[in-house]
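One structure is given here, and the rest of the page talks about it.
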Amino acid sequence: MGKSFSQPAALSATHTHYCPGCTHGIVHRLVAEAIDDLGIREKTVGIAPVGCAVLAYNYFNCDFQEAAHGRAPAMATGIKRVRPDLMVFTYQGDGDLASIGMGEIIHAANRGEKFTTIFINNAIYGMTGGQMAPTTMPGQRATTAPLGRDTGETGMPIRMANLLGELVTPAYVTRQAVLKPQQVNKAKKAIRQAFQYQLENRCFSFVEVVSTCPTNWGMTPVDALKWAEDTLLPYYELGDYKVPE
Amino acid sequence: MAKVLMKGNEAIGEAAIRAGCKNYFAYPITPQSEVAEYLSKRLPEEGGVFLQGESEVAVGYMIFGAAGAGERVMTTSSSPGISLMSEALSYITAAQCPAVFVNIMRGGPGLGGILPSQGDYFQATKGGGHGDYHLLVLAPDGVQEAVEMTMQAFTLAEKYRNPVMILGDGLIGQMMEPVEFPDDLKTEPTNKDDWATNGMAHRKSDKRNLVKSLFLDPSALNNNNLVLKAKYEQMKKEEVQYELYNADTDYQVLITSYGTMSRVCRTSIDMLKSEGIETAMLRPKTLFPFPEKQVFDAAGKQSCKAVISIEMSMGQMVEDVERCVKGRRPVEFYGECGGEIPSPEKIIEIIKALL
Ligand code: SF4
């Protein structure tokens, strides 16, 4: 019998610093598997964000650049424009992409930049310690919203996939989750598809992944998965928001 | 090669192409938008990349990405835009990537005005962004020098793996002068395989490259800063450029001035000479590294009674001049900013008051 499970070549052997039960590890693996499947590791450049994944460059086994907070799509634009033969992806969280980096992601998507963005939506700032994000749910507690998010003061959570799906420029925009095995399998397909569109030089591709942050949600990993399923998924509906013609 | 009559901004764009730069990202801002307009037409003809970014903030990172991937790249902007790019400049410097930034200065602070100014000397030479870093700063005094410095900038940026800034002002960007593009200033790009994220495929080793500025370990961060410092020390030894004017006379006053302002000072020196009064000028062409020893020596000439820094600012370079004169002569300052350039007559009046 052949080997049915092994470490992707696009992942390094380094132990991650992610908290126990955090879903970052799953998404890293899915990205690495997509890179392996398409055989593109040697021409891939990743862009690490600022946030929990700031050290992502230690975990992937390919060239990497590290951006300032929110600027990964601009860096990816710079690389991809001058080296269209490279495969470029950004890996960003919600504080990075939906708050400080909103301008960069909207314009990169609208220009139809031919790179791929993996967007981790866990409804909170992770690395800085649980502050409110643009994606934090109404009433959800955060260290900067101790009584829960007051949408009268801070507005409603931003749905990035819906927002980017509204742009007229052709793109692949999808929202996936990694809370259950079936979702992980679907997310894997979506991530591979996103890279495939890039490989074909078709369009900008964006995969939002509804994830968990047990540490800053103050929950066990299992409770976090359940809370995400019950609270996040009804608001952040899964599915494709835009598919290129 | 025959000379052609060109506007400064367009000449800077053409110089970048002649230097082998095929990549340009920018955001429009007066008084330098002609660079972008010119290159939006010229770069596609050369098979190059022209992109108008959504903001100067984003453009700074487009430059960072492209430079990190090992390609020659340039942007141009003006004072408020450079403030927005200063975040990226700090990161690019920390990550040791070569890139060329052109600042065609306008008056500030704030929105200021759109007329020529030299108010960004501090920002350019002392680091406009956070952390310990320097740009290598070249200050042309006209269109020809702007061309030559733009071409040299790519070579210097690669030699040091550090951003180089051309610090001009609105007048240099807007005026037309006859220029030529010296072919010998074009250099071959350096091999960047040992650090750039240019794809592992064609590299000899299986080593992956990281372009980054995060060093969580204190000694690693200190080491990165020591590497940067060593480069700045090397620049001080190898890259200082300056011009002395009328300095072989027994001058009574030494003027320090750069860029557009130095051209006016030159006229004043000539006019004073015809009245029998000798003055001289030291014009730094590199603002960082600053001609420290040369300023010290020129100020120390026996006949020299005083040094005066004349600038289109409220007194910025004068702080470096004072530092270098080390108290051996009084250091005075005269400046105007807001867009009006001090006239030769005004400068003569100021200098006579020093005698
Ligand atoms: S803080 Fe949250 S998102 Fe960050 S590693 Fe820990 S669990 Fe994951």
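Just the heavy atoms: all of them, side chains too, but no hydrogens, waters or symmetry mates, feed the values below. All values derive from a computational prediction rather than experimental measurement. Letters A, B, ... mirror the listed sequences (proteins, then strands); counts begin at 1.
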Taking all heavy atoms of B/A69 and all of A/V82, pick out the closest pair and write down the distance.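 Residues B/A69 and A/V82, closest heavy atoms: CB-CG2, 4.5 Å.
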
Which heavy-atom pair separates A/L86 from B/G199 by the least distance, and what is that distance? CD2-CA, 3.8 Å

Atom group of A/I106 that falls short of 4.5 Å from chain B, counting heavy atoms: neither

4.5 Å side-chain heavy-atom contact, B/V211 and A/V45: no

Residues forming a side-chain hydrogen bond (donor to acceptor under 3.5 Å, both in side chains) with [X], sequence neighbours excluded:
{"X": "A/D94", "result": "A/T135"}
{"X": "A/Q7", "result": "none"}
{"X": "A/Y197", "result": "none"}

Heavy-atom cut-off 4.5 Å, strictly under: side chain, backbone, both or neither for B/L210 against chain A? both

Do chain A and chain B have donor-acceptor pairs under 3.5 Å, and which are they?
from	atom 1	to	atom 2	distance (Å)
A/E42	O	B/M200	N	2.8
A/E42	O	B/A201	N	2.9
A/Y57	O	B/R208	NH1	2.9
A/Y57	O	B/R208	NH2	2.3
A/F60	O	B/R208	NH1	3.0
A/C62	O	B/R208	NH1	2.8
A/D63	OD1	B/R203	NH1	3.1
A/D63	OD1	B/R203	NH2	3.3
A/D63	OD1	B/N209	N	2.7
A/D63	OD2	B/G199	N	3.1
A/D63	OD2	B/R203	NH2	2.4
A/F64	N	B/N209	O	3.1
A/F64	O	B/V211	N	2.9
A/Q65	NE2	B/G65	O	3.2
A/Q65	NE2	B/T197	OG1	2.9
A/E66	N	B/V211	O	2.9
A/E66	OE1	B/S213	N	2.8
A/E66	OE1	B/S213	OG	3.4
A/E66	OE1	B/L214	N	3.2
A/R71	NE	B/E87	OE1	3.0
A/R83	NH1	B/N198	O	3.2
A/R83	NH2	B/N198	O	3.2
A/R111	NH1	B/E54	OE1	2.8

Give the member of B/A58, B/A196, B/A66 that has the highest number of heavy-atom pairs under 4.5 Å with chain A.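 Ranked by contacts with chain A, first place is B/A66.
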
Against chain A, work out which of B/V59, B/V57, B/L216, B/I63 has the most heavy-atom pairs shorter than 4.5 Å and name it. B/V57

Other residues, nucleotides and ligands only: do more than 12 of their heavy atoms fall within 6.0 Å of CD1 on B/I114? no

Report the option among A/A72, A/G46, A/G70, A/A68 that has the most heavy-atom pairs separated by less than 4.5 Å from atoms of chain B.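 So the answer, after comparing A/A72, A/G46, A/G70, A/A68, is A/A68.
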
